[in-house]
Amino acid sequence: MNDRIKLNDIWEMPLAAEFASDYMADLRCFLLQEKVAGKQIYPRGEEYFRALDLTPLDQVRVVILGQDPYHGTGQAHGLCFSVQPGVRTPPSLVNIYKELESDLGLERPVHGFLEHWAKQGVLLLNSVLTVEMASAASHRGKGWEQFTDAIVHLIAEKPEPVVFLLWGSYAQKKAAFVQSIEQGGQHLVLKAPHPSPLSAYNGFFGCRHFSKANAFLEQNGLAPIDWSLPEINS
């Protein structure tokens with residue numbers, strides 16, 4: 001998008017057609033106009049592709065799909081469900097931690113910074129990668145969805161098995177084309193309600209997706225994910 005953007009080289013060639021597309025040119029213009037108008041956009045420009053930068057295509061082992069970045073000050077940094085150090089853990093992430101504790105016996109982290117997962121091959125991808133401050137879902141329908149659809153397609157085409165954790169109807173629709181083991185594919189597709197306080201008790205709690213993901217990875221000769229989160233300096 002601009003000179004400050006950071007993106008791991010391994011993504012650049014597979015996504016070259018997307019970056020050169022008309023819809024991406026339109027998206028660039030939209031974002032520029034928003035900034036010229038004085039609007040605050042989250043996350044910062046160099047973090048638009050943070051999820052891709054931390055989790056190269058050849059290292060993706062697990063995919064977690066979100067919708068939009070957090071729109072509060074200091075929250076978003078390019079990974080779905082994750083917030084920057086020192087920021088209060090959002091309710092949905094609190095519920096994810098509760099399920100981790102129940103599933104794997106892990107102590108609940110005291111922060112919401114998930115880069116430790118991303119660096120192990122967990123792609124924490126929002127469908128829309130930017131948002132206006134204090135204006136939820138304000139950048140939907142501007143082109144990001146098409147871009148992130150292309151990313152999910154690239155992962156689905158990987159010959160290596162990948163785990164897709166699809167929480168909520170939005171994520172499940174976005175990755176509906178992924179061929180699961182039950183459909184003759186090689187990927188493990190796990191579905192559950194969204195971890196939001198509005199729906200977590202409808203089946204997210206007790207889904208045991210974290211242990212199921214690790215069991216699948218190990219069965220396929222891949223290292224499991226360390227779902228614990230080390231302490232960080234705020």
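With contacts defined as side-chain heavy-atom distances shorter than 4.5 Å, the pair Q179/H187 does not qualify. A heavy-atom distance below 4.5 Å is found between the side chains of L57 and K158. The closest side-chain heavy-atom distance from V110 to L229 is not below 4.5 Å. The side-chain heavy atoms of V63 and V178, taken from C-beta on, include no pair separated by under 4.5 Å. Q40 has its side chain out of reach of K35: every pair of non-hydrogen atoms, C-beta onward, lies at least 4.5 Å apart. L217 is listed as a side-chain neighbour of V62, based on a closest heavy-atom distance under 4.5 Å. Using a 4.5 Å heavy-atom cutoff, the side chains of L15 and I151 are in contact.
Of the inter-residue distances, the one linking E46 atom CD with R50 atom CZ reads 9.5 Å to the nearest 0.5 angstrom. Atoms CD and CG, on Q120 and D226 in that order, are 5.0 Å from each other to the nearest 0.5 Å. Of the inter-residue distances, the one linking D22 atom CG with L27 atom CG reads 12.5 Å to the nearest 0.5 angstrom. If you take CG on L123 and CZ on F164, they are separated by 9.0 Å, rounding to the nearest 0.5 Å. Between the CD atom of E99 and the CG atom of L104 there is a distance of 8.5 Å, given to the nearest 0.5 Å. The CG atom of N214 sits 11.5 Å away from the CZ atom of R208 when rounded to the nearest 0.5 Å.
Between the side chain of D68 and the backbone N or O of A137 there is no donor-acceptor pair closer than 3.5 Å. With hydrogens and angles disregarded, no donor-acceptor distance shorter than 3.5 Å links the side chain of K142 to the backbone of L31. Put simply, the side chain of N8 gets close to the backbone of I10: a donor and an acceptor are under 3.5 Å apart. No donor-acceptor pair closer than 3.5 Å links the side chain of Q186 to the backbone N or O of S180. Side chain of S138 to backbone of S135: a donor-acceptor contact under 3.5 angstrom is found. Distance alone, capped at 3.5 Å, is enough to place a donor-acceptor pair between the Y97 side chain and the H111 backbone. In this structure, the side chain of Q84 engages the main chain of A76 through a donor-acceptor pair within 3.5 Å. A donor-acceptor distance shorter than 3.5 angstrom exists from the side chain of N95 to the backbone of P195, with no hydrogens or angles considered. Between the side chain of Q67 and the backbone N or O of N126, no donor-acceptor pair lies under 3.5 Å. Under the 3.5 Å distance criterion, the side-chain polar atoms of Q33 are left unmatched by any main-chain donor or acceptor of F30.
Heavy-atom minimum distance, G112 versus T89: N-OG1, 3.6 Å. The heavy-atom pair separating I41 from H139 by the smallest distance is CD1-CE1, 3.6 Å. Residues T55 and V122 approach most closely at OG1-O, 3.5 Å, considering heavy atoms. When every heavy atom of E101 is checked against every heavy atom of R108, the shortest pair comes out as OE1-NE, 2.7 Å. Taking every heavy atom of both residues into account, L54 and P56 meet most closely at O-CD, 3.5 Å. When all heavy atoms are compared, the tightest approach of C207 to G203 is CB-O, 3.6 Å.
For the pairing with S92, the side chain to side chain contact (heavy atoms under 4.5 Å, CB included) check across S199, C80, P197 returns one residue only, P197. With F147 as the partner, the ring-ring contact (aromatic ring centres under 6.0 Å, His included) test is satisfied by one option alone out of W11, Y48, F19: F19. Each of F49, F113, Y42, Y70 was checked for a ring-ring contact (aromatic ring centres under 6.0 Å, His included) with H77, and the lone residue meeting it is F113. Under the side chain to side chain contact (heavy atoms under 4.5 Å, CB included) test applied with L79, the options L124, L125, I64 reduce to a single match, L124. Only one option out of W227, F204, F216 pairs with F210 in a ring-ring contact (aromatic ring centres under 6.0 Å, His included); it is W227.
Under a 4.0 Å N-O distance rule, the pair E145/K174 does not qualify as a salt bridge.
The same ILVMFWY cluster, assembled from side-chain heavy atoms under 4.5 Å apart, contains both L65 and V128. No continuous path of ILVMFWY side-chain contacts below 4.5 Å connects V94 to W117, so the two sit in separate hydrophobic clusters. Connection of M133 to V87 is not established within any shared hydrophobic cluster, with ILVMFWY side chains joined at heavy-atom distances below 4.5 Å, either directly or through further cluster members. The cluster map of Ile, Leu, Val, Met, Phe, Trp and Tyr, joined by side-chain heavy atoms under 4.5 Å apart, puts Y23 and L52 in the same cluster. Taken together through direct or relayed side-chain contacts under 4.5 Å among Ile, Leu, Val, Met, Phe, Trp and Tyr, L165 and F205 form part of one hydrophobic cluster.
Between H209 and W167, the angle of the ring planes stays under 30°, which puts this pair in the parallel group of the 30/60° scheme. Note on ring orientation: taking the six-membered ring where Trp is involved, the planes of H194 and F81 are tilted (angle from 30° to 60°).
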Could you go through L154 and V60, starting from their C-alpha distance and side-chain angles, then the distance that decides it, and tell me whether this counts as side-chain contact (heavy atoms from CB on, under 4.5 Å)? CA-CA 11 Å; L154 283 173; V60 175; over 6 Å; no

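Heavy-atom contacts from other residues, nucleotides or ligands closer than 6.0 Å to CD of E107 number 12 or fewer. Within 6.0 Å of atom CD in E231, 12 or fewer heavy atoms from other residues, nucleotides or ligands are found, so the atom counts as exposed in its surroundings.
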